[in-house]
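Here is the structure we will look at, set down as structure tokens.
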Amino acid sequence: HRYCQVNVPDELLRDLLPGPVTLVLKRSEELNKDLNPFTSLVGVRIPNHPFVRELARACSGPLALTSANISCQASTLTVSEFQDLWPQLSLIIDGGPIGDVQSPECRLGSTVVDLSVSGKFTIIRPGCALTSTVEILKQKYGLIPESA
């Protein structure tokens with residue numbers, strides 16, 4: 001609530017987070033202006049991975065992260081899968097695999113949904129949790145899908 005404007009019930013947040021869903025919301029004035037400077041929106045994700053959640057708890061503010069892959073390439077699930085990027089990185093922490101490395105679905109990334117407009121949602125990226133996310137948004141909360 002501190003870094004973005006939440007216009008959905010807290011129960012909806014609890015239904016989707018933590019998990020493989022990224023919520024796009026309107027950013028608040030308190031969020032660092034250098035983060036996504038050309039948009040009024042920000043993506044919020046709370047992964048359901050013990051290591052990442054412990055790391056987030058240890059930090060005093062939000063973590064600004066990106067995927068460990070080059071844009072449009074398949075998502076990586078282990079540190080060895082992006083070793084071609086290692087020379088460009090300052091730090092690599094191996095917290096273990098982030099999903100079933102045999103599952104193609106795990107490589108789809110999170111489902112990204114824009115909830116910045118009250119009463120509506122827009123799927124930005126289908127990702128690995130599309131069906132369950134849309135079901136929760138439509139059936140449980142009565143949100144209306146908008147085309148991207």
Note to self: Before you tell me yes or no, could you show the steps for Phe121 and Ile144 under side-chain contact (heavy atoms from CB on, under 4.5 Å), namely the whole-Å CA-CA distance, both residues' side-chain angles and the distance that decides it to 0.1 Å?
What the structure shows: CA-CA 6 Å; Phe121 71 93; Ile144 300 165; over 6 Å; no
Next item on the list: Check for a donor-acceptor pair, side chain of Tyr3 on one end and backbone N or O of Glu30 on the other, with a separation under 3.5 Å.
Entry: no
Check: Rounded to the nearest 0.5 Å, how far does CD1 of Ile124 lie from OG1 of Thr22?
Finding: 9.0 Å
Note to self: Measuring only between side-chain heavy atoms, which start at C-beta, is Ile123 closer than 4.5 Å to Val112?
What the structure shows: no
Next item on the list: With sequence neighbours excluded, tell me which residues meet side chain to side chain contact (heavy atoms under 4.5 Å, CB included) with Cys4.
Entry: Val6, Leu25, Val42, Val44
Check: How would you list, by chain and number, every residue that makes a side chain to side chain contact (heavy atoms under 4.5 Å, CB included) with Thr133, sequence neighbours excluded?
Finding: Leu16, Val21, Thr111, Val113, Ala129, Leu137
Notebook entry, point to check: Between the side chain of Arg27 and the main-chain N/O of Asn36, is any donor-acceptor distance below 3.5 Å?
Noted result: yes
Margin query: I need the full list of salt bridge (charged side-chain N to carboxylate O under 4.0 Å, His left out) pairs touching residues 78-97, with sequence neighbours left out, sorted by first then second residue.
Written below: Glu81-Arg107
Check: Quick one: side-chain hydrogen bond (donor to acceptor under 3.5 Å, both in side chains) partners of Gln139, sequence neighbours excluded?
Finding: none
Item checked: Pairwise distance CD(Glu105) to CG(Leu130) - rounded to 0.5 angstrom -> 10.0 Å
Next item on the list: Could you list all the salt bridge (charged side-chain N to carboxylate O under 4.0 Å, His left out) pairs where at least one residue sits in residues 123-141, not counting sequence neighbours?
Entry: Glu11-Lys140, Asp15-Lys140
Item checked: Qualifying salt bridge (charged side-chain N to carboxylate O under 4.0 Å, His left out) pairs, either residue in residues 59-76, two or more places apart -> none
Next item on the list: Give the cluster check for Leu89 versus Val79: same hydrophobic cluster or not, with ILVMFWY residues linked at side-chain heavy-atom distances below 4.5 Å.
Entry: yes
Checklist line | Residue pairs passing the salt bridge (charged side-chain N to carboxylate O under 4.0 Å, His left out) test where at least one lies in residues 34-56, sequence neighbours excluded | finding: Glu54-Arg57
Item checked: side-chain contact (heavy atoms from CB on, under 4.5 Å) evaluation trace for Tyr141 with Val8 -> CA-CA 9 Å; Tyr141 295 96; Val8 295; over 6 Å; no
Check: Can you name the nearest heavy-atom pair linking Leu108 to Cys128, along with the distance?
Finding: CB-N, 3.9 Å
Note to self: Going by the rule side-chain hydrogen bond (donor to acceptor under 3.5 Å, both in side chains), which residues pair with Thr39 if we only count those two or more places apart in sequence or in a different chain?
What the structure shows: none
Item checked: Set of side-chain hydrogen bond (donor to acceptor under 3.5 Å, both in side chains) partners for Ser80, sequence neighbours left out -> Thr78
Next item on the list: Please list, chain by chain and in numerical order, all residues satisfying side-chain hydrogen bond (donor to acceptor under 3.5 Å, both in side chains) with Asn7, sequence neighbours excluded.
Entry: Ser118
Notebook entry, point to check: side chain to side chain contact (heavy atoms under 4.5 Å, CB included) with Ile93: which residues, sequence neighbours excluded?
Noted result: Phe51, Leu91
Notebook entry, point to check: When rounded to the nearest 0.5 angstrom, what is the spacing between CD in Gln83 and OG1 in Thr76?
Noted result: 11.5 Å
Next item on the list: Not counting sequence neighbours, which residues clear side chain to side chain contact (heavy atoms under 4.5 Å, CB included) with Gln5? List them please.
Entry: Lys26
Note to self: For a side-chain contact (heavy atoms from CB on, under 4.5 Å) check, start with the C-alpha distance between Asn48 and Leu17, then their side-chain angles and the critical distance, and finish with the verdict.
What the structure shows: CA-CA 8 Å; Asn48 196 14; Leu17 304 172; over 6 Å; no
Check: Between Phe82 and Ile92, is any pair of side-chain heavy atoms under 4.5 Å apart?
Finding: yes
Margin query: For Asp114 versus Ser116, what's the shortest heavy-atom pair and its separation?
Written below: OD1-OG, 2.6 Å
Next item on the list: Please name the residue in the list Thr122, Leu41, Leu115 that meets the side chain to side chain contact (heavy atoms under 4.5 Å, CB included) test with Val24.
Entry: Leu41
